[in-house]
Number of protein chains: 2
Amino acid sequence: MSKVIPRYKAIRAHLEQGIRERRWCPGERLPTEMALAQEFGVSRMTANKAVQELVAEGVLVRHQGLGTFIAEVRAESPLVGIRNISDEIQERGHVYSSRLLELSEVAVPAELAAQLGMVAGAPVFLSRIVHQENGVPIQYEARYVNPLHAPGYLDQDYRQQTPNQYLSGLFPLPDVEHVVEAVRVDVEIEALLQLEPGEPCLLLHRRTWSGSKLISYARLLHPGSRYRLSSRAAGGGGASAPR
Amino acid sequence: MSKVIPRYKAIRAHLEQGIRERRWCPGERLPTEMALAQEFGVSRMTANKAVQELVAEGVLVRHQGLGTFIAEVRAESPLVGIRNISDEIQERGHVYSSRLLELSEVAVPAELAAQLGMVAGAPVFLSRIVHQENGVPIQYEARYVNPLHAPGYLDQDYRQQTPNQYLSGLFPLPDVEHVVEAVRVDVEIEALLQLEPGEPCLLLHRRTWSGSKLISYARLLHPGSRYRLSSRAAGGGGASAPR
DNA sequence: GTCTCGTAAATGTATATACAAATATATACA
DNA sequence: TGTATATATTTGTATATACATTTACGAGAC
């Protein structure tokens with residue numbers, strides 16, 4: 001049962017190997033679709049499919065009329081997948097639980113008004129939750145939600161589903177922005193996350209849009225000693241340029 | 001000058017909008033390629049192109065013989081682009097400079113042997129550099145390099161190019177693994193990065209492979225108060241920015 | 001009732017072709 | 001010399017078609 005490998009995959013592999021072996025210098029033009037098609041004895045559209053895959057992954061860039069080149073900067077090079085915390089915990093085979101600290105309508109704090117695209121003092125829904133992995137705090141979540149877009153936000157039971165899960169159901173295919181930083185936290189958070197004194201935290205800011213509507217802004221705090229973001233991706237900071 | 005929009009883009013947009021409007025429930029089958037083709041009056045291959053784009057981005061999944069479905073978990077949705085620090089600084093229009101602290105051959109520390117895939121005590125190249133943005137320390141880099149794969153590593157001038165740039169030139173299209181965490185640092189690093197006492201740091205572990213060969217392992221430390229990783233999925237962004 | 005097999009449906013791969021659009025280069029002209 | 005124009009090259013989009021592959025489902029044999 002030798003598996004049949006599609007021919008465009010062979011062309012794709014040939015291109016990837018060629019890049020690794022530096023068969024083409026940065027700025028140099030790679031073979032045209034026609035050249036690849038003839039070399040491999042396939043039609044132009046088959047060669048096109050191989051090239052397009054690498055373009056989609058940010059490995060190559062093409063310019064109409066010019067040719068195909070190695071991408072100078074990978075579009076979405078190394079990536080850190082950030083998922084729903086409860087999914088993440090359950091995928092590790094651990095027990096997820098949570099503590100709901102607050103669920104209320106508050107006035108937008110001045111320092112968050114810009115983030116939320118609202119005027120300071122406007123009403124906004126706020127939920128504060130500690131997420132736990134095997135009973136150990138792993139994330140403190142403070143989420144601000146635009147009441148216009150999610151009017152039922154306060155009526156949910158966030159022991160059954162996380163706010164993120166609720167909002168994902170309301171707004172599929174959101175645009176998401178993440179900012180990651182390392183911070184110190186105050187004593188309240190220190191207690192909630194059961195941190196050692198002075199222990200740093202990984203802070204994720206997460207904003208989600210649906211179309212042009214800003215749905216919510218969340219501050220997600222993880223104990224530095226108990227949490228990491230990680231990822232492995234193909235392709236990285238190669239330096240090459242057309243022209 | 002009304003721009004001509006390719007027809008497959010219209011189909012793609014139609015599918016995305018349909019997902020946002022929850023026209024199809026999770027688990028439900030989306031229209032087949034033939035159905036889309038007839039609905040839009042195009043050939044099946046044109047509809048295929050639209051669907052394939054969304055599959056490549058992890059929005060949809062397809063099963064031969066079954067149909068097309070909304071992806072339960074976005075394969076690699078939110079992403080944090082991590083690039084070469086000097087490129088990043090120069091793109092911000094700032095001045096990049098660096099301080100070379102060390103460039104030598106050392107024995108693999110026991111705690112890093114596993115990371116490097118080497119036995120403890122084996123010889124390894126080590127470079128330690130402080131990268132500066134407008135003269136202000138922004139990254140401390142400690143990089144361990146396999147001497148078998150990059151024998152000329154110690155002979156480079158790392159004021160002219162960063163170790164990452166040198167290695168990227170040697171090994172295009174690497175596989176890259178990142179781990180991000182928040183840590184406290186010792187007084188040496190505190191002084192090198194000009195940190196306030198007790199200021200947390202964002203620590204990036206970066207390992208790069210070429211094929212199956214592990215090329216290098218780098219620990220990249222950023223001042224928590226001066227550095228963030230950020231990204232926006234399905235939009236611009238995709239870089240790091242200081243405050 | 002259970003198993004096997006055929007068929008329908010849907011996606012996966014591949015071809016040959018055609019024309020559009022963008023780019024660089026060569027050419028003609030003032 | 002400088003500028004406009006034509007041309008060749010290359011990628012972008014689109015079609016119509018063909019056959020392969022996977023899956024579910026139902027019909028028929030036992």
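Below, read A as the first sequence line, B as the second, and so on, with proteins coming before strands; counting in each chain starts at 1.
A donor-acceptor pair is defined here as one N or O able to donate and one able to accept, closer than 3.5 Å; no such pair exists between the side chain of A:Asn134 and the backbone of A:Val136.
In this structure, the separation between CD1 on B:Ile85 and CG on B:Asn164 is 10.5 Å, given to the nearest 0.5 Å.
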Practice item. If a protein heavy atom is under 4.0 Å from the base, mark B; if only from the sugar-phosphate, S; if neither, -; do that for nucleotides 8-17 of chain C going 5' to 3'. Key: --BBBBBBBB
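The aromatic rings of B:Phe40 and B:His14 stand perpendicular to each other, their planes meeting at an angle above 60°, with 30° marking the opposite boundary.
One finds no salt bridge joining B:Glu28 and B:Arg23 here, because no Lys/Arg side-chain nitrogen approaches an Asp/Glu carboxylate oxygen to under 4.0 Å. Taking the charged nitrogens against the carboxylate oxygens, A:Lys49 and A:Glu53 have no contact shorter than 4.0 Å, which rules out a salt bridge. Residues A:Glu57 and A:Arg12 are paired through a salt bridge, judged by an N-O separation under 4.0 Å between the basic side chain and the carboxylate. Using a 4.0 Å cut-off between charged side-chain N and carboxylate O, A:Glu141 and A:Arg206 make no salt bridge.
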Check your understanding: What would the secondary structure line of DNA chain C be in dot-bracket form, counting Watson-Crick and G-U wobble pairs under 3.5 Å, with [ ] for pairs that cross earlier ones and | for pairs with another strand?
Key -> ||||||||||||||||||||||||||||||
